[in-house]
Structure formats: structure tokens, C-alpha cells
**Q** 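One structure, pasted below without further comment.
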Amino acid sequence: MSGPDGPSPSEYRRREQSITIAPVEEQLHEQAAAGSRRELLTLNFGPHHPATHGVLRLLVTLQGEVVRDVKPIIGYVHTGIEKTAEDKSYWKVIPVIERMDYLSYFFNALAFCGAVEALLAVEVPQRAQYLRVIHCELNRIASHLFWLGTSALDLGAISMFWYSLRERERIVDLFEMSSGQRMHTRYFQVGGVIEDIPPGFAEKVREFTRVMPARIDQYEALLRANEIVLQRLRGTAPLEAAELLALGVTGPLLRAAGNPWDLRKADPYSSYDDFDFKIPVGTVGDNYDRFACRIAEMRQSVRIVEQALDGLPEGPFITADRKVALPPRHELATSMEALIHHFKLVTEGFRVPPGEVYFPVESPRGELGCFVRADGSSKPARVHMRDPSFVNLQAFARMAEGGYIADMIATLAMLDPILGGIDR
């Protein structure tokens, strides 16, 4: 029997007698069988790592330089955006929602505004819809440019980072011109946009659209024929469209595998059916196709912006319903009714009839949807965002499994995750 201080001497003797010495051959066989298990090494990438594109932790199991398993661990940002939105009046939710996917703020606002507009049955003026398209497609280009620059950094090329930021600066300057802010503009409002575009804005946008195609040609000249880029991207991390669909993956990742699903074509919103553009698709579904699809998408976004400017209709930029939209400022000095509407909207907000709706848009990373449930008050009872970065991250382990650790870094770059949206 074992005493309170450990086994007794007699028990030690019994244990020694029960131990048998295995033959040398048997020991070597057991060591060989367990060899592969002993070679596995588990490493942490992140949550503070330059290649994780945010506060993402990757628990990586390696056998030599080959990735055997990846477990993404999230939750380090702790934004609580959805619960914060439920404690604010509807029109005050927009600045909070915009900070979710901080590179695609116009799309966040559009998804939320679209959901609330559907609950209110508000008709958005045609001019406002076109202005939304212009800003969203410029935002798509800006987001893809940031992806391109940071992805090139992950592949070891720093020049591409400066070139892509050069064009992105021109876009955020345009946003500052139309809204007063470079990022998180709060330009989209329930019922339309907060202000009409200022004089000279259209001309500045046209200057950008004239320059941008040539810039994309330069990007392709630098990267498409670069032997290092080709070896790092071609044939790495392929995944078939059927498996991507099973995981809920959308956006450029799905289209790179040959599936042309794009909400702008499949379920048009905000007058996207007025424009002529193509949906770039890949064939193999590897990292090179993901890179090529995003490059081609920038060209198509330029086409959409040009068409929206050419066909920009005249008329109001926001709904005339004063129960929803702030009255023009010049009316406040002469109209008591306008002053009352302004006071009520600013202090209490507008009330939304009970109901629930889901409104999806095609963001730079895929389907970004907003679910809103209203209870008749001036605050949403429930706000939930279907963020594509969160859903697409599920496919990362399948993409990286069996590849080299260097390919895992390139694959994460092609995934283009935004942790603000993942940890919303």
C-alpha cells in the first residue's frame, strides 16, 4: 500500500519485478512508428505578427516545413460592434457599423442602410443610388489596392506596396472631398446619402479613372511575369468550388475557383443592373487565380464608376420623407415643422415598424449581409452582420494543409481577412 508520503519500499520492489526489458528490435520498431509523431512541431503565428494582417493567432502544426494543420484562433480585437449597435438609435448605428471592416466602410454602411430602408419601405432616389455605386466601387478599388500592396510585402516585394498606396491615396482624397473624411465617412444615410457631391468631384473622379487602367497595367507588368511571384502563387493552395461553397466562401475566393457568383449580378441592388460589367473568374482556384481575379475586378470597378458618372441622374440625393431624413439646413430658420423634425431625429431618431430583414451586398471580400430585427422602437432589437472574412477564414486550414509554411503566408495574404469584421 502507498503511504501518505508515497509508495512503500515493498511496493517499489513489486514494481521493479513487473518491469520487463523489451528486445532491442521491438524498441526500434516502436520508435520508427512514433517517428512521424515526434517530428510534429506546433508553433504560434500571432496574434502580433506582420503576416497575419491583423490580430489573428494561427496555431500551426508543422512536419519539417510542411503544414499538417492550422487552427485559426480569433477574438483578440473585442469590438462588440453588434451589441453596441443595439444600444443606439438607427441613424447613430452607421458610424459604429462602418468601423467593422475598416477597409470597406461604405459596404458596411450600405448593408445596414439597405436593411433599415427595407423595413421602412423607403424609396431611395436614383441619384443617391448612383452616388452609392460610385463610392462603393472606388472603395472596392481602394481595398484591393491595400490587399495588393500588403500581399506583395508578404512575398518579399516592397515596391508594389508604395505603388498601390499611391493610387489608394487618390481615392481617399476623393472621399475626403465628398464627405469631409478620408475613412469612416458616414456618407451613406438611411434614405440616400448625407450630401450631394461638391462641384469638381466628378471631374476629379474622371481624372482617376483615366489614370487607373494604366496603373493596373504597370502592376501586372511587375507581377505577372515575375518568376518569384509565379512560383509562389501558381499551383499553391488550390480548392475546388464545391468545397468552397460547402464552407460558405464567397467573393473573389469563390470566383477564382470558377463559380461566377456575384450579388451585383445575381441579386442586383442600388441600380447595379443599369451597368455593363463582367465578373472575372478563375479556372484552377489556386493563389494565382485569386490574385488575378482581384486585379481584374479593379478594372471592372473602373468601368462601373465611369458608367455611373456618365449616367448620373439629376434629382434629390436623399428621400423627401422628413420622418427619416434630416430637413435641409436652410429650412430650419423659416419652418417650424422642419425644426421639429430635426429636433426629433437628432434626439430620439426615427421609429421602425416591427419586422426583420436580411440585406446582402457584394463587398471586396464576398457577401456582406446585415440582419436587422425591429420592435417598433427607435433602436434595433437585433443587429447581426454576416461578415465574409469570418466565413472565408474557415477555408484557410484546407487551403494551407499539405503546403509549405512559406505558402501558408502567401495563402493567408490571398485570403485577405479583416480582423475588425471577424471579431465584430
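These figures come from a predicted structure and were not determined experimentally.
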**Q** Centre of Phe350's six-membered ring, under 6.0 Å away, within 45 degrees of the axis: is that where NZ or CZ of Lys344 sits?
**A** no
**Q** From Leu119 CG over to Glu356 CD, what is the distance, rounded to the nearest 0.5 angstrom?
**A** 9.0 Å
**Q** Would one find more than 12 heavy atoms of other residues, nucleotides or ligands at under 6.0 Å from atom CD of Glu207?
**A** yes
**Q** Starting from the C-alpha separation in whole Å, work towards a yes-or-no answer on salt bridge (charged side-chain N to carboxylate O under 4.0 Å, His left out) for Arg398 and Glu243.
**A** CA-CA 9 Å; Arg398 287 288 299 113; Glu243 189 167 1; 2.5 Å; yes
**Q** Which pair of heavy atoms, one from Ser178 and one from His135, lies closest together, and at what distance?
**A** OG-NE2, 3.0 Å
**Q** Any side-chain to backbone donor/acceptor pair from Gln307 onto Asp276? Under 3.5 Å, distance only.
**A** yes
**Q** Any heavy-atom pair between the side chains of Val67 and Val60 that's under 4.5 Å?
**A** yes
**Q** Would you please say whether a donor-acceptor pair under 3.5 Å links the side chains of Thr236 and Asp286?
**A** no
**Q** If we only count heavy atoms from C-beta on, is the Ser389 to Leu419 side-chain gap below 4.5 Å?
**A** no
**Q** Of the options Asp416, Leu145, Asp289, Leu148, which is the one that meets Arg294 in a side chain to side chain contact (heavy atoms under 4.5 Å, CB included)?
**A** Asp416
**Q** Could you walk me through whether Arg68 and Glu401 pass the salt bridge (charged side-chain N to carboxylate O under 4.0 Å, His left out) check?
**A** CA-CA 5 Å; Arg68 293 305 179 196; Glu401 185 179 346; over 6 Å; no
**Q** Tell me whether Thr411 contacts the main-chain N or O of Ala237 through its side chain, where contact means a donor paired with an acceptor under 3.5 Å.
**A** no
**Q** Answer yes or no: is there a side-chain heavy-atom contact under 4.5 Å between Val372 and Pro380?
**A** yes
**Q** Between Asn139 and Ser104, does any side-chain donor sit less than 3.5 Å from a side-chain acceptor?
**A** no
**Q** Please walk me through it: do Arg232 and Asp154 pass salt bridge (charged side-chain N to carboxylate O under 4.0 Å, His left out)?
**A** CA-CA 11 Å; Arg232 293 290 303 274; Asp154 289 343; over 6 Å; no
**Q** For Glu82 and His384, test the side chains for any donor-to-acceptor distance below 3.5 angstrom and give the result as yes or no.
**A** yes
**Q** Backbone N or O of Arg166 within a donor-acceptor pair of the Glu169 side chain at under 3.5 Å?
**A** no
**Q** Is any side-chain N of the basic residue among Lys71 and Asp69 closer than 4.0 Å to the acidic one's carboxylate O?
**A** yes
**Q** Are more than 12 heavy atoms from other residues, nucleotides or ligands located less than 6.0 Å from atom CD of Glu123?
**A** no
**Q** Hey, could you give me the CZ/CD1 distance between Arg170 and Ile141, rounded to the nearest 0.5 Å?
**A** 11.5 Å
**Q** Would you say Leu43 and Leu58 make side-chain contact, with heavy atoms under 4.5 Å?
**A** no
**Q** Which atom pair, heavy atoms only, marks the closest approach of Asn392 to Arg365?
**A** ND2-O, 3.0 Å
**Q** Within a radius of less than 6.0 Å around CZ of Phe390, do more than 12 heavy atoms belonging to other residues, nucleotides or ligands occur?
**A** no
**Q** Does Arg386 offer a backbone N or O that forms a donor-acceptor pair with the side chain of Tyr358 under 3.5 Å?
**A** no
**Q** Any donor and acceptor pair, going by atom type alone, linking the side chain of Asp423 with main-chain N or O of Val77 inside 3.5 Å?
**A** yes
**Q** Between Asp375 and Ser377, do the side chains contain an N or O donor and an N or O acceptor separated by less than 3.5 Å?
**A** yes
**Q** Look at Arg382 together with Glu86 and state whether they make a salt bridge at an N to O cut-off of under 4.0 Å.
**A** yes
**Q** May I ask you to check whether Tyr272 and Tyr269 place their ring centres under 6.0 Å from each other?
**A** yes
**Q** Could you go through Leu56 and Leu393, starting from their C-alpha distance and side-chain angles, then the distance that decides it, and tell me whether this counts as side chain to side chain contact (heavy atoms under 4.5 Å, CB included)?
**A** CA-CA 11 Å; Leu56 173 66; Leu393 191 61; 4.2 Å; yes
**Q** Are Glu331 and Glu337 packed together at the side-chain level, in the sense that at least one heavy-atom pair is separated by less than 4.5 angstrom?
**A** no
**Q** Do the rings of Phe291 and Tyr288 sit parallel, tilted or perpendicular, given the 30° and 60° boundaries?
**A** tilted
**Q** Suppose we call two aromatic rings close when their centres sit under 6.0 Å apart. Are Tyr219 and Tyr163 close by that rule?
**A** no
**Q** Is Asp196 close to Ile318 at the side-chain level, that is, under 4.5 Å between some pair of heavy atoms?
**A** no
**Q** If only atom types and distance count, is the side chain of Ser151 paired as donor or acceptor with the main-chain N or O of Trp147 below 3.5 Å?
**A** yes
**Q** Closer than 4.0 angstrom, basic N to acidic O: yes or no for Glu306 and Arg210?
**A** no
**Q** Quick one: pull up CZ in Arg127 and CZ in Arg132 and give me the separation to the nearest 0.5 Å.
**A** 14.0 Å
**Q** With salt bridge (charged side-chain N to carboxylate O under 4.0 Å, His left out) as the rule and sequence neighbours excluded, what pairs involving residues 133-143 come up?
**A** Glu137-Arg140, Glu137-Arg264
**Q** Please report the shortest heavy-atom distance between Gly311 and Tyr130, naming the atom on each side.
**A** O-CE2, 3.4 Å
**Q** Working to the nearest 0.5 angstrom, can you tell me the gap between Leu309 CG and Phe201 CZ?
**A** 7.5 Å
**Q** Would a distance-only check, ignoring hydrogens and angles, find a side-chain to backbone donor-acceptor pair under 3.5 Å from Thr185 to Ser179?
**A** no
**Q** Just by distance, with hydrogens left out, do Ser271 and Gln126 show a side-chain donor and acceptor under 3.5 Å apart?
**A** yes
**Q** With side chain to side chain contact (heavy atoms under 4.5 Å, CB included) as the criterion, how do Leu131 and Ile197 come out once you've worked through the C-alpha distance, each side chain's angles and the decisive distance to 0.1 Å?
**A** CA-CA 8 Å; Leu131 290 176; Ile197 52 174; 3.6 Å; yes
**Q** Any idea which heavy atoms bring Thr79 and Gly420 closest together, and the distance?
**A** OG1-O, 4.3 Å
**Q** For the pair Val352 and Tyr90, evaluate side chain to side chain contact (heavy atoms under 4.5 Å, CB included) and give the outcome as yes or no after the intermediate values.
**A** CA-CA 9 Å; Val352 177; Tyr90 283 93; 3.4 Å; yes
**Q** Is Met100 close to Leu368 at the side-chain level, that is, under 4.5 Å between some pair of heavy atoms?
**A** yes
**Q** Is a side-chain donor or acceptor of Asn108 paired with a backbone partner of Asp101 at a separation under 3.5 angstrom?
**A** yes
**Q** Report yes or no: is the cationic atom of Arg255 (NZ for Lys, CZ for Arg) closer than 6.0 Å to the six-membered ring centre of Trp261, at no more than 45° off its axis?
**A** no
**Q** Any idea which heavy atoms bring Pro252 and Gly366 closest together, and the distance?
**A** CD-N, 4.3 Å
**Q** Quick check for you: to the nearest 0.5 Å, what is the distance between Lys278 atom NZ and Asp262 atom CG?
**A** 15.0 Å
**Q** Does some side-chain heavy atom of Asn44 sit less than 4.5 Å from a side-chain heavy atom of Arg57?
**A** yes
**Q** Has Arg168 got a side-chain atom pairing as donor or acceptor with Phe146's backbone, closer than 3.5 angstrom?
**A** no
**Q** Between Gly191 and Pro125, which heavy-atom pair has the shortest distance, and what is it?
**A** O-CD, 3.4 Å
**Q** Backbone N or O of Val124 within a donor-acceptor pair of the Gln129 side chain at under 3.5 Å?
**A** yes
**Q** Is it true that Tyr187 and Phe175 have ring centroids separated by less than 6.0 Å?
**A** no
